[in-house]
Amino acid sequence: MDLRELLPEHVAEVLNKWGITRLFPPQEEVAKRGLVTSGNFVLASPTASGKTLAAEMAMVNDLLKGGKAVYVVPLRAIASEKYNSFKGRYGSLGFSVRVSVGDYDSSEEPLGRHDLIITTYEKLDSILRHGPSWISALTTVVFDEIHFVHDAERGPTIEMTIAKLMDANPSVRRIALSATIGNLEEISSWLEAEPVAVGWRPVPLRVGAYAYGVGRILWSDGGDEKIHKATGIPEVDLALRTIASGGQAIVFYPTRRSAVAGASKIARAISSTLVRFDREAAQSLAESILKEEPQSRVIERLAEVVRRGAAFHHAGLSHGARVKIEEAFRRGILLAIAATPTLAAGVNLPARTVIIKSHKRYDRTKGRSAPISVMEFHQMAGRAGRPGFDEIGEAIVLASSRREAEELLTIYAADNLEPITSKLDDPSKFRTHLLSLIVLRSPVKPSDLADFVKKTLLYIERGEHAVSGLIPSSLDFLIREGFVESTSGGRLAATRFGVRTSQLYIDPVSAVMMARGLERMPSVGEGELEISVLHLIGLLPDMYRVAIRARESERIEEILEELEPLLPPEELPIEIAVNWFSAVKMAAVLRAWLNEAPEALIEETYGVEPGDLRSFTEVATWLSYAFSEIARLFGKVREARYLRQLSARMKVGVKPELLQLTAVPGVGRRRARALYEAGYRTLSDLASADPKRLQRIPGIGSKLAENIIREAKALLER
DNA sequence: CCTTCCTTCCTCTAGACAGCATGTC
DNA sequence: CTAGAGGAAGGAAGG
C-alpha cells in the first residue's frame, strides 16, 4: 500500500525518513478515517500491533504544524522505553524530546521549551497542580494504556488527571490507547473521541487450556494436543514443550514464592533434558548478577537458576537484576522466565508461549483467592508471540480436568473483556483531587466544581446520583481540617496548608497526621525521635504496608517499647490505626537502612527483598521531605531541619556523618563508609586526596579514585 | 546409624505512581 | 459454600 494514498504528504515523508514504508491495520484505520490530521480517537487494538505508531502519526502531524505534545504512560519503565525510541526519531526532525517522571528528568530546562514530553499520569497531575502556562499551548496528548483507569488504587488519579487536562485545555487533541477495553464506546464518549477497534495482531495468538489430568491442551481454534509428561509438573512440561521446539516461554505464577520455586523446577528440567543453549553466556550472566547486584538471598537464588538457562522475575528483585533478566531473555540467553504479573504490565518482552499457572490468585480485598479478570489474562496473553521469530503466539492456562479446561476457554479465549469502570467514587481519593482542583482555581465557585465533575468518567458512567454526594462530604473534610476556607463572596479558597499539601502531592490525611505529629516532636527524647518519626511515616496513607510474619511478633513488640508515638492511636481513624504494628515494622526496616545495615541483613531479618526495600525508602524519602516542608510551613525550624536531613539520609541509607561524602556522584552508602573509615570525612578531604591512597581502599580502583576527586573538587567550587 | 522419601501441618499471599533542589554546627 | 502451594518438621522406610 502506498502511504501517500492515506496520509498527508509531510507525514508520509516523515515515516519514509524513519524507514517505515508500510502501515499495519490499526495505523491504516487511523489514516483512512483522517485521524492523522485531526480529531480525537480511542484506539483499541492488541499488544504490539502498532498502536504507538498510530498515535505518533497524529503527533508528528501536529508537531510539524508547530504543536506541542504530551505522551502519558502509567509506568516509569514504559516512559523510559518510549523516550529511548522517540528521542532519536523526533530529534532528527529537530524536535526536542524530554522525559519527566518522579525520579528522573532528562532536562533541567523549563518543560515549556520542549516539543514532546513523555511522562506518567501522576507526574502530569503534579505538573498540572503547579498550573504552568504551557498547558494552554498543548495541542496533542496521548493517553497510553488507558485501561489503568480501572485500577482501584491509581485509577482515580488517572481519571482526574485526564479530566483536569481536558478542562484546562478543552481544545487539546486526545488520543487514547489500550489493548484491553471492554467498553470502547463509553470511554470514547468520555473523551469525546472516535472509537477505533482493530483486532489485527502482528503474530496471531491462539489460546489454550491444558487439562493436565488427561495431559491434553484444548485449543480455542478447536485443536487438541497431547503433551509429553516429562516431569509431571504441568507448567514445566509446557515450558519444555516450547523450549524443545526452539522457543522461549514466560510462565506467570500467582506469588513470588511460587515463581522462585517454579524457576528452579524449570532450570532442573532444562538440565536434565539436554536442551542446548549458550551455557557460557548464562554463566557469565549469573556472575555479573552476583557481582553487580546487592548481595542477598534472592539474588543468590536467581544466579543459581540463571546458570541453567532460566530465571524468575518479580518486584522483590533489584531494578538492575530485572533489567539484566529482561535483556538476556531478549537475546535468547534465557529460555524461560517464571514471573509474577510484573512482566504483564511492564516493558515489552514477548515470548512464543505464555503459560498461566493459575487463573486464580489470592485477593487481599476479598481475603481469599479469586479468578483473575479477562483483562488481566489478556495483558499476560499479550506477551505471546515474538514478531519476526514466532509464527504464532500461544497463551496456555492450566486446568485440572477437561471440563475445567473447556470452562476456562469460554471465559478467557473470547473477547468479552470487562468494561473499564471509574473508581473515583472512593471518598478518600475524591477529596484529594477535589483539593487539587480548588487549589488550582482558588477562589472558586462551588458550582464550578460541580460542573467540573461532569467531565469525569464516573459521571459519564453512573450519572448525577453517583457524584452528587461526593462534593459536599469532601468539602466538609477539607474545610474542617484547614485545607480550604469559604470567602465572603461565597467562594472557596485554598489555605497555604492546602496549597502546599497539594503541591507536595501527599494525601490530605498524611498532611494532617504530619501537622499533628509535629506538635509532639519537641517532647520526644532524642534517642526515641528517629524511630518515632519513622513510625509516623509508616502510618501515613501514602506509605507502603509491610507484612508482618508470625515469627516476628516478639521483635515488633520490642521495637514498640522503644518508640514514643507522635500520634496517640486512640485519636486516629480506625483505617489508619489498624496499621499500627505494620508501621512499627516499617519503622524498624527504615531504621536499619538509615543505620547502614546491609541489604542482605535486612532481607534476612525482615523478609524485605532488595526491590521492596528500594520502593520503601524511595517513598519514605519523598514523605520525609514533605514532612519537613509541612514543618517549615508551621514555622518549626528545628523539626524541619531534622526531617530534611532524615530525607537526605533516607535517599542513600546512611548515618548523618556520611552525607557530605554521598553527595559525590559515584559514592553510595558502601563506598562512603569505606572512605570515612579510611579517614576521608569531608568533601575537602576528598578533593585534596592523593589518588594512590584512595585506591588502597577496597572497592575503589584507579578510575574511580580520580573521578571521586574530580567530582569532589567540582562540588566544592559550587 | 545415617540418608532419603513421604506425610502433615503451618504460613502466607502482585505491583508501584508521587517532591525538590542541596548541605554543616 | 469457596484457596492453594511452598516449606519446615517429623516420621517411616531403606541402606
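Just so we're on the same page: letters track the sequence lines, and every chain starts at 1.
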Heavy-atom contact window of chain A on DNA chain C, given 5' to 3' at under 4.0 Å
C:dA3 to C:dG7
Taken to the nearest 0.5 Å, the spacing of A:Ile537 CD1 from A:Met650 CE works out to 5.5 Å
Quickly work out the A:Arg549 CZ to B:dT13 P distance and round it to whole Å.
9 Å
How long is the line joining NZ of A:Lys366 and P of B:dC12, in whole Å?
23 Å
Atom CG of A:Leu658 and atom P of B:dT24: how far apart are they, to the nearest Å?
12 Å
With the threshold set at 4.0 Å, does a side-chain nitrogen-carboxylate oxygen contact exist between A:Glu552 and A:Arg555?
no
Please work out if A:Gln660 contacts a base, only the sugar-phosphate, or nothing of the nucleic acid, heavy-atom cut-off 4.0 Å.
nothing
At a heavy-atom distance below 4.0 Å, what parts of residues 602-609 of chain A sit against DNA chain B?
none
Are the charged groups of A:Arg76 and A:Glu618 less than 4.0 angstrom apart, N to O?
yes
Checking the side chain of A:Ser502 only, and the main-chain atoms of A:Val499 only, is there a donor and an acceptor separated by less than 3.5 Å?
no
Steps toward side-chain contact (heavy atoms from CB on, under 4.5 Å) verdict (A:Thr342, A:Leu317)
CA-CA 11 Å; A:Thr342 0; A:Leu317 290 178; over 6 Å; no
Rounded off to whole Å, could you give me the OH-to-C1' distance for the A:Tyr642 and B:dG23 pair?
17 Å
Give a yes or no on whether the backbone of A:Val546 and the side-chain of A:Ser582 come within a donor-acceptor separation of less than 3.5 Å.
yes
With sugar-phosphate meaning primed atoms plus P, OP1 and OP2, does A:Lys265 contact a base, only sugar-phosphate, or nothing at under 4.0 Å between heavy atoms?
sugar-phosphate
Between CG of A:Leu661 and P of B:dT24 the distance, given in whole Å, is 12 Å
In terms of side-chain geometry, is the basic nitrogen of A:Glu159 or A:Lys429 positioned less than 4.0 Å from the acidic oxygen of its partner?
no
Qualifying residues under salt bridge (Lys or Arg N to Asp or Glu O under 4.0 Å), relative to A:Glu109, sequence neighbours excluded:
A:Arg113
Does A:Arg545 use its side chain to pair, donor to acceptor, with the backbone of A:Gly538 at less than 3.5 Å?
yes
Which of these, A:His378, A:His150, A:Gln379, A:Glu418, sits in a side chain to side chain donor-acceptor pair (under 3.5 Å) with A:Thr180?
A:Gln379
Gap between atoms CZ and C1', on A:Arg641 and B:dG23 respectively (whole Å):
11 Å
If a pair means Watson-Crick or G-U wobble with both distances below 3.5 Å, what does DNA chain B look like in dot-bracket form, with | marking bases paired to a different strand?
|||||||||||||............
Could you check whether A:Glu596 pairs with A:Arg669 (Lys NZ or Arg NE/NH1/NH2 to Asp/Glu carboxylate O, under 4.0 Å)?
no
Near-strand residues of residues 369-380 of chain A, defined as heavy-atom separation under 4.0 angstrom from DNA chain B
none
Scoring nucleotides 15-22 of chain B by protein non-hydrogen atoms under 4.0 Å (B base, S sugar-phosphate only, - none) yields BBBBBS--
Testing A:Tyr606, A:Trp622, A:Tyr544, A:Trp593 one by one against A:Phe616 for a ring pair (Phe, Tyr, Trp, His ring centres under 6.0 Å), which residue passes?
A:Tyr544
Using 4.0 Å as the upper bound for N to carboxylate O, is an ion pair formed by A:Glu657 and A:Arg673?
yes
Could you state the interatomic distance from CG (A:Leu686) to CD (A:Gln660), rounded to the nearest 0.5 Å?
9.0 Å
So for atom NE2, which belongs to A:His130, do other residues, nucleotides or ligands contribute more than 12 heavy atoms lying within a distance under 6.0 Å?
yes
P atoms of C:dG7 and B:dA14, separation to the nearest Å:
13 Å
Electrostatic pair A:Glu304:A:Arg301 at N-O distance under 4.0 angstrom:
no
Looking at every strand, decide which applies to A:Pro254 at a 4.0 Å heavy-atom threshold: base, sugar-phosphate, or nothing.
sugar-phosphate
